[in-house]
There are 2 protein chains.
Amino acid sequence: MRRVRLLLIGFGNVGQAVAELLLAKDGDIRSMHGLALQVVGIGTASHGAALDSDGLNLGRALELIQTGSDLRRLSRDPVPSDVQELLQAVEAEALLESIPVNYESGQPAVTYLTGALERGMHAITANKGPVVHAFAPLTALAASRGRQFRFEAAVMDGAPLFSLWRECLPGARLQAFRGILNSTTNLILSLMEQGQSFAAAVAEAQRLGIAESNPAGDTEGWDSAIKVAALVTVLMGVPIGLGQVERRGIEGLTDREIQQASQSGHRWKLVCGAKRIGDQVEARVEPELLDSSDPLFHVMGTSAAVTFTSDVLGELTIRENAPGPRTTAYGMLADLLNCVLPAARAFDWFASNRRG
Amino acid sequence: MRRVRLLLIGFGNVGQAVAELLLAKDGDIRSMHGLALQVVGIGTASHGAALDSDGLNLGRALELIQTGSDLRRLSRDPVPSDVQELLQAVEAEALLESIPVNYESGQPAVTYLTGALERGMHAITANKGPVVHAFAPLTALAASRGRQFRFEAAVMDGAPLFSLWRECLPGARLQAFRGILNSTTNLILSLMEQGQSFAAAVAEAQRLGIAESNPAGDTEGWDSAIKVAALVTVLMGVPIGLGQVERRGIEGLTDREIQQASQSGHRWKLVCGAKRIGDQVEARVEPELLDSSDPLFHVMGTSAAVTFTSDVLGELTIRENAPGPRTTAYGMLADLLNCVLPAARAFDWFASNRRG
């Protein structure tokens with residue numbers, strides 16, 4: 001059994017879901033992959049940090065955070081005073097980072113991911129910001145250290161988009177994509193179609209823990225736009241920023257427009273898309289009036305989908321139903337396993353798969 | 001530029017599409033992956049075989065086969081008298097096999113794939129038969145020779161299902177799947193919904209080159225059933241044969257039933273599925289009456305889709321729109337590239353991806 005030491009930075013919904021998933025899947029990961037995953041450090045902005053080179057008690061960490069307590073009391077090793085000190089003190093193979101990130105700069109995630117790579121860790125993020133703002137330097141830094149920078153959870157939670165292209169579609173050229181990538185706005189539009197006002201739908205999405213207290217990042221299309229920029233940058237090889245995504249949100253749609261669409265068998269959706277035009281990529285986020293023949297018409301609630309158009313497969317659609325923090329956590333776990341597992345594992349995978 | 005020598009066995013619709021794709025993607029594969037792919041042997045049942053260790057002229061091979069000529073005149077090296085002799089004479093890194101296969105035995109494909117692995121080639125098939133009848137021995141043989149047995153094109157053409165599970169979803173447990181996996185029956189049902197009789201729909205599907213002259217393999221659900229058996233065997237780790245898939249085809253559906261369903265907003269689909277029950281798997285193929293809330297309701301014509309339910313991602317759906325021989329050929333090309341490319345190629349992939 002090979003032990004793999006992990007550092008978690010960020011212990012909110014996603015970080016806690018990672019801890020819960022590590023606990024739930026510990027037996028599977030040992031039996032399927034021969035790995036014992038062990039969290040040796042947890043860093044947070046407002047609940048302190050904990051460090052134990054023999055492995056932190058994750059169940060206890062979850063208890064502390066869920067009762068609003070400080071994580072410092074979990075530490076057996078000297079307590080780092082902040083995340084930067086934790087990064088320098090910890091001995092780990094991989095960082096799993098899920099902190100709140102500034103859309104405009106990708107910070108402070110970029111700094112932490114850089115620090116982790118410089119210390120020889122794989123750097124895994126759940127955030128889009130570092131992908132859009134620092135994909136090239138982080139990827140190059142990772143390569144120079146023989147490590148990896150991965151970010152599967154940054155778009156469509158745990159659904160494999162980046163790894164699909166990297167691992168499953170060699171030789172293919174992505175020509176265009178089109179999808180619904182923001183759960184909050186899709187849920188709001190679904191609720192409005194059922195007769196709720198925009199304000200009531202936002203409030204309901206907030207009550208469900210889907211929308212943030214300030215929903216503008218979702219409703220104005222910023223979250224969608226940065227996801228489009230991340231996909232274009234990585235999958236189309238054309239680095240673009242937020243400013244190069246034409247963006248309109250759903251805040252201009254009236255209850256009446258949504259009801260009228262519904263009555264005529266149509267549906268408004270916040271559609272993300274990009275396509276190659278010569279060497280450039282045209283990227284956009286905007287409400288579209290869809291009819292029922294459109295595959296995106298049927299993506300309801302918090303579900304998401306993307307259709308990739310390539311030169312060799314035509315249209316290939318990936319759809320995830322009702323994602324949540326657990327699926328985002330799985331995206332990070334998949335990244336981690338793909339970083340630390342030997343690459344040529346096909347036969348082992350099939351063998352390990354015997355157990356149901 | 002690394003040269004990779006290939007052997008094609010089978011030069012029907014799929015084999016020819018492989019040749020066309022190799023010609024079309026030659027520049028891309030050189031620039032993206034640094035590989036020069038070169039077909040040095042082609043074997044067929046009824047049009048002879050050709051062998052040239054310096055590389056066959058694929059354009060000429062396509063001309064010959066498409067005018068009903070014998071491939072032997074293409075050979076510069078001594079002409080093998082049959083496929084077995086070709087297999088022993090050729091020096092190649094990989095076999096790409098797409099011959100007609102007996103559902104019941106997986107032959108003669110299993111023999112050819114075995115022969116290729118024994119001669120140190122990777123063995124790639126477009127057929128389901130070898131997966132259901134010989135997955136374990138072929139996989140073990142491949143591993144013992146440091147080679148791979150791959151079969152992405154066997155189910156849903158080039159859409160990545162097997163590689164998705166092998167490469168992108170480490171640690172995940174497949175609990176159930178449900179899908180539409182047979183293009184012919186889905187097209188027939190789509191045509192019947194538009195008012196055609198079963199017989200007329202079958203004839204139309206034959207005219208389009210989708211249905212075979214004897215359509216029973218599709219309409220009675222055999223093709224679907226063997227695909228279910230292949231997915232269960234490989235992805236769920238429970239080897240089952242055709243006899244363990246409960247099977248009903250579409251031949252019992254009347255025009256009237258299909259029209260009635262349509263009038264009430266429903267739709268008949270030939271649905272494939274499997275789920276774990278303890279250590280066993282319950283597998284079936286049968287017509288189901290779906291309403292419009294079912295994602296499979298919207299899969300029309302020759303399109304196909306499958307929803308995987310796993311412990312970590314909930315429901316993840318993969319859908320391909322209007323596949324054809326080119327997408328099947330891409331499934332084989334993807335297998336080939338994944339066999340011969342170095343496994344840890346993430347950084348190279350991103351770099352190679354710059355060019356649109």
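From a predicted model like this one, the values you see are computed outputs, not experimental measurements.
For the pair A/Leu231/A/Met236, no side-chain contact is recorded, criterion being any heavy-atom separation below 4.5 Å from C-beta on. The shortest distance between side-chain heavy atoms of B/His33 and B/Leu337 falls below 4.5 Å. The shortest side-chain heavy-atom distance between A/Leu316 and A/Thr307 does not fall under the 4.5 Å cut-off.
At a 4.5 Å heavy-atom cutoff, the contact between A/Leu313 and chain B is made by backbone and side-chain atoms alike. For B/Leu21, the part lying near chain A is the side chain, with the backbone staying farther off; criterion is any non-hydrogen pair under 4.5 Å. Looking at B/Ile318, the atoms closer than 4.5 Å to chain A (heavy atoms on both sides) sit in the backbone and in the side chain alike. Proximity to chain A is absent for every atom of B/Asp157, based on heavy atoms less than 4.5 angstrom apart. Neither the backbone nor the side chain of A/Asp335 has a heavy atom closer than 4.5 Å to any heavy atom of chain B.
Looking at B/Glu20 and B/Lys25, no side-chain N of the basic residue comes within less than 4.0 Å of a carboxylate O on the acidic one, giving no salt bridge.
Checked against side-chain hydrogen bond (donor to acceptor under 3.5 Å, both in side chains), A/Asp294 has the following partners two or more places apart in sequence or in another chain: A/Arg178.
Under the ring-ring contact (aromatic ring centres under 6.0 Å, His included) criterion, the residue pairs touching residues 303-331 of chain B are B/Trp165-B/Phe308, with sequence neighbours excluded.
With chain A as the partner, the residue from B/Thr328, B/Ile29, B/Leu164 showing the most heavy-atom pairs under 4.5 Å is B/Leu164. For chain B, the option among A/His298, A/Glu315, A/Glu320 with the highest count of heavy-atom pairs below 4.5 Å is A/His298.
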